[in-house]
There are 2 protein chains.
Amino acid sequence: MARPTIADIADKAGVSKGAVSFALNGRPGVSDATRARILQIAEQMSWRPHSAARALGASRVDSVGLVIARPARTLGVEPFFAHLVSGLQSGLSARSISLQLLIVEDTDAEIEVYRRWTSEHRVDGVILVDLTVKDPRIEALRALELPAVVIGGRGGKGALASVWADDRDAMLSIVDYLAALGHRRIAHVAGTPNFQHTQRRIRAVRDAVPRLGLLDAPSLTTDFSDAEGAATTRKLLSQANRPTAIVYDSDVMAVAGLGVAMEMGVSVPGDLSIVAFDDSILTQLMHPALTALSRDTFEFGRQAAEVLLEVIAEPTKVINLRTADPVLTVRESTAPPTP
Amino acid sequence: MARPTIADIADKAGVSKGAVSFALNGRPGVSDATRARILQIAEQMSWRPHSAARALGASRVDSVGLVIARPARTLGVEPFFAHLVSGLQSGLSARSISLQLLIVEDTDAEIEVYRRWTSEHRVDGVILVDLTVKDPRIEALRALELPAVVIGGRGGKGALASVWADDRDAMLSIVDYLAALGHRRIAHVAGTPNFQHTQRRIRAVRDAVPRLGLLDAPSLTTDFSDAEGAATTRKLLSQANRPTAIVYDSDVMAVAGLGVAMEMGVSVPGDLSIVAFDDSILTQLMHPALTALSRDTFEFGRQAAEVLLEVIAEPTKVINLRTADPVLTVRESTAPPTP
DNA sequence: TGCAGGAGCTATACCGGTTTATCACTTCAG
DNA sequence: CTGAAGTGATAAACCGGTATAGCTCCTGCA
């Protein structure tokens, strides 16, 4: 016989289906002797619960979802999502909960997916990434009563659980480092302005100006693409008083910026220091290798998974977990400015 | 009332559950008038099938799986998987079938996942990537009777369906191009030797030697990492009769190779031409931008999804779909050799 | 007029678990 | 000795669909 059911086990053990269910789920209602016997038979028949049957009776599905709303073209270059997904799975696999991954075009499509998942009972909860200012997904999820955890930002008015790193401190550590090297004219090539973390980073740079006695520290927003990263760099380096250091909000933009500098005959790190806010193999493949801020994205994902499971078990719970601070990995692209 | 069920619809329409099921699934058994009325009521109550309930009655789960057995660290750098996943989803979403994605450490773990998925009825079929010579997964899947489609290689002795591109022709187009430029000493930095596509590419290079009158065309295998790509390049460029062109099996290795060349004072494309077998944003960010072989991975995924659905519907069917040939995108890293 | 056959629908079993009501039996307090 | 409480189990309902046997008309044809 293929795939044994609890009825088969019940037959073999000479007990009822109910008893088997109790035994397999570790709940009271059977004696220790009977429980042991049932467990042994189940093991021997290599029984596994039929996920659909379980989802039907109870309301849990043992599955959580992650929707990424970005054009596929821009995905995959940064290892961020690959690491995040691995970390999530590591946190989920302990309780053999599966992860549904979906890549969609925009936020509207993402919300539509949440609707569908909810009505089809496909997931117990979801993970939110790329939080924007006044993010419409927060309200949508609350309306659906779908448990969720926000990654990389606070979950609105204490509503959704969140797992986040301190972007502000991280940015300050970069600016402090550059200032300590002697840089006074620093520029910041930022990401999409409506992302929350972009705003936090911009604010951090601005606030550091008076404290460190910087002459200037403009933040220029982009769409995170290599094209805009390059264009913005070209603009910055063409100025009369060009910056002696540039901080990029992503590794891809930093690499593009390095290319522009080389093209314009600006030597790195001689005439210009470059720092990437995100680390990846990309920054290490360059010549010179880029100084970058490294985060433990895998661990980030693991923690997010744990928080999500807690929220699913207890939806009223409010968790805001701050993860380990990212650290600056100094490589060859930063040096004191030439006087 | 939350989540309406077909019983609710049946009540409202004044018919039986069975009639509603017939109507919603477009099967005969109800009149057109009744069908229209039921569909309208379902629409108005915004009914969606409960995926678990459906999976329980019928045997399909409307979900397929993709397991990637690679260390997470090496994932995500290449956009290959992001594009593949997007393409798969595009092919699946038409019939609202979801994709389970799992990243594991090695092939043993991967096979274990297939076992679990089968016994828990979590997927209707799976997609196989990174096919190796004498791949143990083929036999495992056959034993489990789990429908599958192999990506990028033939499915063994006509057993599994497959979707593949012609690596041989692709490699020949690269070597032909380099030979036409005048190169006679070409090297090939290959990937993991036990991957089927690696072997096909090596064979293609070897077979081209006499036809094109090449002096030499060694293939050196690596583990696909940037480190081994760099080390192999260093070895090749230190030889007495060093090659005038190098073909790399991945974009990451090509970039690493470019770095080594720059470091050794070998100018590209002046002293050395470089071609990457895989294209991505990486190759375009470099200076010089790398000539690379571009594949439509998204389309590849879409087709794989379609084939998988066919195989699920008809497990005995044998499909071997050859996809569009990859094309060579010529950029700045290739030129005729200096005499 | 009788009957075969099909369209249109209902009632019901079923999928594989979980949960609840119930019951037999033991134990212990009064 | 009786009643109450507790233990270990069972039978049956239930979750939300799908599949199927069967029933009631209606039509067509001999």
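Within every chain, numbering begins at 1; the chains are lettered A, B, ... in the order of the sequence lines, protein sequences first and strands thereafter. Quick note: numbers below take in every heavy atom, side chains included, and nothing from hydrogens, waters or symmetry partners. Note that the coordinates shown come from a computational prediction; the quantities given were computed from them, not determined experimentally.
Rounded to an integer number of Å, the gap from B:Ile6 CD1 to C:dC15 C1' is 14 Å. Across the protein-nucleic acid pair, B:Leu56 atom CG and D:dC14 atom C1' stand 12 Å apart, rounded to whole Å. Whole-Å rounding puts the A:Phe22 CZ to D:dA9 P distance at 11 Å. A:Leu24 places its CG atom 7 Å from the P atom of C:dT18, with the value rounded to the nearest Å. For the pair A:Ile9 CD1 and C:dT18 C1', the computed distance is 14 Å after rounding to whole Å. Per the geometry, CD1 belonging to B:Ile38 stands 12 Å off P belonging to C:dG8, to the nearest Å. Note: NE2 (B:His121) to P (C:dC15) measures 12 Å, nearest angstrom. Atom CG in B:Asp62 sits roughly 10 Å away from atom P in D:dT18 (whole-Å rounding).
Closest non-hydrogen pair, B:Ala10 versus B:Lys17, comes out as CB-N, 3.8 Å. Nearest heavy atoms, A:Thr132 versus A:Arg137: N-NH2, 4.3 Å.
The residue A:Arg35 sits apart from the nucleic acid: no heavy atom pair falls under 4.0 Å. Residue-level contact check: A:Val20 touches neither bases nor backbone, having no heavy atom under 4.0 Å from any strand.
Of the listed nucleotides (C:dT10, D:dA9, D:dG16), D:dA9 has the atom at the smallest distance from the side chain of A:Ser31. In the set D:dG17, D:dT10, C:dG16, D:dG17 carries the atom at the smallest distance from any side-chain atom of B:Thr5. Side chain of B:His50, nearest nucleotide from C:dC9, D:dG17, C:dG16: D:dG17.
The side chain of B:Arg54 contributes an N or O atom lying less than 4.0 Å from OP1 or OP2 of D:dT18. Distances shorter than 4.0 Å separate none of the side-chain N or O atoms of A:Trp47 from OP1 or OP2 on C:dG16. OP1 or OP2 of C:dT10 has at least one side-chain nitrogen or oxygen of B:Ser16 nearer than 4.0 Å. At D:dG8, none of the side-chain N or O atoms of A:Thr34 fall inside 4.0 Å of OP1 or OP2 (strictly under the cut-off). Using a 4.0 Å cut-off, no side-chain N or O of B:Arg48 falls inside it from OP1 or OP2 of D:dG16. Between A:Ser21 and C:dT19, a side-chain N or O to OP1/OP2 separation shorter than 4.0 Å is absent.
In this structure, B:Gln44 places its CD atom where more than 12 heavy-atom neighbours from other residues, nucleotides or ligands lie under 6.0 Å away.
Using a 4.0 Å cut-off between a side-chain N of Lys or Arg and a carboxylate O of Asp or Glu, B:Glu306 and B:Arg302 qualify as a salt bridge.
Remark: the B:Lys17 side chain and the D:dG17 base include a donor-acceptor N/O pair separated by less than 3.5 Å.
Between the A:Ser51 side chain and the B:Glu120 main chain, a donor and an acceptor come within less than 3.5 Å of each other.
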